[in-house]
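In what follows, chains carry the letters A, B, and so on, assigned in the order in which the sequence lines appear, proteins first and then strands, with residues in each chain numbered from 1.
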Amino acid sequence: MSHRADSLVILDFETTGLSPDVGDRAIEIGAVRLVNGEVTERFQELMNPGRRVSAFIEDYTGISNEMLVDADCCESVMDRFADFIGSDNLIAHNASFDKRFLDAELARINRTYCGDFSCSLLLSRRIFQDAHSHKLGELVRFSNIESSGGFHRALYDSEMTAKVWMKMLENIGERYGLFDIPFELIQKLTKTPKKGIDKVLSGYSC
DNA sequence: TGCCAGGCCCTCTTTAGGGCCTT
């Protein structure tokens, strides 16, 4: 199945913990669709994981058990989110984390997706090598992106990730004269050792 | 706040260990 080359979904999960392999579930999904660098759609829904979340998660995310009581179950929300994704390629900050939860939650409802995942954390380690940290909040500050500080909610973090993503593309454009950067090039960059990105990007410059 | 898991990435490396990121 082909992907929409100019359309990306940047997503972020809030969850009960760090790994679906030990029984953790999603409690919120947030996402924005970027078309030609502009946010055209947003998705945000809480979902009831079927059990109480820990005090740590309540503090960390601001999502309380009370807020989840009336939320739809994960299966219903993820079904709608699979529709939202469509055939777009996907981005997340530390994508290996979000991909594990996306795969696990969609597997429960026998749904899948066909886009490819890319990771803003891996890209930032290569493009923003001077950043002291590559945590999302630090990259927002490093990039001089205006922020209300409302991190750790799914839509907010996906919006911030999208802004950091665009800053990185702008940086590539300014440094290498590349202003139409194919997703495949980003994929290649995130698999290239830091020392090798100049060679990869110079090879694409005209 | 994170000890949980897992992939990336660096180094005193590759026959390994540990920090960084995500919740």
Side-chain angles (χ1 to χ4, degrees), chain A residues 8-32 43-68 71 73-74 77-78 81 90-108 116-143 145 147 149-165 167-168 186-200:
Chain A
L8 297 167
V9 168
I10 293 87
L11 63 93
D12 182 68
F13 277 104
E14 305 305 319
T15 70
T16 63
L18 288 172
S19 175
D21 294 340
V22 295
D24 287 320
R25 298 295 304 272
I27 60 173
E28 186 180 45
I29 178 67
V32 299
F43 187 103
Q44 182 178 38
E45 287 202 47
L46 292 169
M47 54 190 119
N48 190 328
R51 74 170 102 100
R52 293 182 62 81
V53 300
S54 68
F56 168 73
I57 292 298
E58 285 189 313
D59 286 347
Y60 187 80
T61 64
I63 299 170
S64 67
N65 281 289
E66 185 179 9
M67 292 165 65
L68 295 172
C73 63
C74 297
V77 173
M78 291 307 299
F81 187 61
L90 307 170
I91 294 164
H93 198 63
N94 198 12
S96 67
F97 174 86
D98 293 278
K99 183 178 187 301
R100 284 202 307 277
F101 278 95
L102 182 64
D103 290 350
E105 293 294 349
L106 291 184
R108 287 172 173 268
D116 292 321
F117 245 109
S118 193
C119 178
S120 55
L121 171 63
L122 296 184
L123 187 61
S124 73
R125 283 176 175 161
R126 288 157 177 78
I127 302 303
F128 290 156
Q129 294 188 21
D130 293 337
H132 295 302
S133 158
H134 293 87
K135 291 180 181 178
L136 180 59
E138 290 297 323
L139 292 175
V140 166
R141 281 185 279 276
F142 182 82
S143 304
I145 294 167
S147 166
F151 292 101
H152 306 309
R153 286 300 298 270
L155 180 60
Y156 190 85
D157 281 4
S158 64
E159 298 252 21
M160 290 297 109
T161 300
K163 289 184 178 182
V164 169
W165 184 261
K167 286 283 188 180
M168 290 192 286
I186 297 294
Q187 296 284 71
K188 185 173 183 179
L189 276 180
T190 58
K191 296 171 184 171
T192 301
K194 282 182 186 177
K195 292 178 181 175
I197 66 165
D198 273 340
K199 185 176 181 181
V200 171

Closest nucleotide among [options] to the [X] side chain:
{"X": "Leu18(A)", "options": "dC4(B), dT1(B), dG2(B)", "result": "dC4(B)"}
{"X": "Asn94(A)", "options": "dG6(B), dC8(B), dT1(B)", "result": "dG6(B)"}
{"X": "Glu14(A)", "options": "dT23(B), dC21(B), dA5(B)", "result": "dT23(B)"}
{"X": "Arg100(A)", "options": "dC20(B), dG6(B), dT23(B)", "result": "dG6(B)"}
{"X": "His93(A)", "options": "dT22(B), dC9(B), dT1(B)", "result": "dT22(B)"}

Atom-pair distance ([atom1] on [X]; [atom2] on [N]), nearest Å:
{"X": "Asp98(A)", "N": "dG6(B)", "atom1": "CG", "atom2": "P", "value": "16 Å"}
{"X": "Phe117(A)", "N": "dT22(B)", "atom1": "CZ", "atom2": "P", "value": "15 Å"}
{"X": "Leu11(A)", "N": "dT23(B)", "atom1": "CG", "atom2": "P", "value": "12 Å"}
{"X": "Phe97(A)", "N": "dC20(B)", "atom1": "CZ", "atom2": "P", "value": "18 Å"}
{"X": "Ile27(A)", "N": "dT22(B)", "atom1": "CD1", "atom2": "C1'", "value": "14 Å"}
{"X": "Met47(A)", "N": "dT23(B)", "atom1": "CE", "atom2": "C1'", "value": "13 Å"}
{"X": "Asp59(A)", "N": "dT23(B)", "atom1": "CG", "atom2": "P", "value": "15 Å"}
{"X": "Ile10(A)", "N": "dT22(B)", "atom1": "CD1", "atom2": "C1'", "value": "17 Å"}

Inter-nucleotide [atom1] distance ([N], [M]), Å rounded:
{"N": "dG2(B)", "M": "dA16(B)", "atom1": "C1'", "answer": "25 Å"}
{"N": "dT14(B)", "M": "dC8(B)", "atom1": "C1'", "answer": "16 Å"}
{"N": "dG7(B)", "M": "dC12(B)", "atom1": "C1'", "answer": "23 Å"}
{"N": "dT23(B)", "M": "dC10(B)", "atom1": "P", "answer": "22 Å"}
{"N": "dG18(B)", "M": "dC3(B)", "atom1": "P", "answer": "14 Å"}
{"N": "dT1(B)", "M": "dG17(B)", "atom1": "C1'", "answer": "24 Å"}
{"N": "dT13(B)", "M": "dG19(B)", "atom1": "C1'", "answer": "15 Å"}

Heavy atoms under 4.0 Å, any strand shown: does [X] hit a base, just sugar-phosphate, or nothing?
{"X": "Arg126(A)", "result": "sugar-phosphate"}
{"X": "Asp24(A)", "result": "nothing"}
{"X": "Phe13(A)", "result": "sugar-phosphate"}

Residue pair Arg153(A), Ile63(A): steps toward the side-chain contact (heavy atoms from CB on, under 4.5 Å) verdict: CA-CA 8 Å; Arg153(A) 286 300 298 270; Ile63(A) 299 170; 3.6 Å; yes
For Phe43(A) against Val77(A), the heavy-atom pair lying closest together: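 Of all heavy-atom pairs spanning Phe43(A) and Val77(A), the closest is CZ-O, 4.1 Å.
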Closest contact, heavy atoms only, Ala95(A) versus Cys119(A):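 The pair with the smallest heavy-atom distance is N-SG, 3.3 Å.
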Any side-chain donor near an acceptor of the partner, Asp24(A) and Ser19(A), under 3.5 Å: no
Close approaches to DNA chain B from residues 127-137 of chain A, in residue order (heavy atom, under 4.0 Å):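 Of all residues in residues 127-137 of chain A, the ones placing a heavy atom under 4.0 Å from DNA chain B are Ser133(A), His134(A), Lys135(A), Leu136(A).
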Residues within residues 186-193 of chain A bordering DNA chain B, heavy-atom distance below 4.0 Å: none
Residue closer to the 5' end of DNA chain B, Asp12(A) versus Phe56(A) (nearest nucleotide):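 Result: Phe56(A).
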side-chain contact (heavy atoms from CB on, under 4.5 Å) assessment of His93(A) paired with Val164(A): CA-CA 10 Å; His93(A) 198 63; Val164(A) 169; 5.9 Å; no
Phosphate contact (dC8(B) OP1 or OP2) by Lys194(A) side-chain N/O below 4.0 Å: no
Pairwise distance CG(Asp157(A)) to CD(Glu159(A)) - rounded to 0.5 angstrom: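 So the CG of Asp157(A) and the CD of Glu159(A) are separated by 10.0 Å.
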Member of Leu136(A), Leu139(A), Asp12(A), Ile10(A) meeting the side-chain contact (heavy atoms from CB on, under 4.5 Å) criterion with Met160(A):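 Testing each of Leu136(A), Leu139(A), Asp12(A), Ile10(A) against Met160(A), the sole residue satisfying side-chain contact (heavy atoms from CB on, under 4.5 Å) is Leu136(A).
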Heavy atoms from other residues, nucleotides or ligands near CD of Glu66(A) exceed 12 (cutoff 6.0 Å):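 Open: at most 12 neighbouring heavy atoms sit under 6.0 Å from CD of Glu66(A).
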Partners passing side chain to side chain donor-acceptor pair (under 3.5 Å) against Ser147(A) (at least two apart in sequence or in another chain): Tyr156(A)
Side-chain heavy atoms of Asp98(A) within contact of Leu102(A), under 4.5 Å: no
Pairwise side-chain contact, Phe117(A) with Leu11(A), heavy-atom cut-off 4.5 Å (strictly under): yes
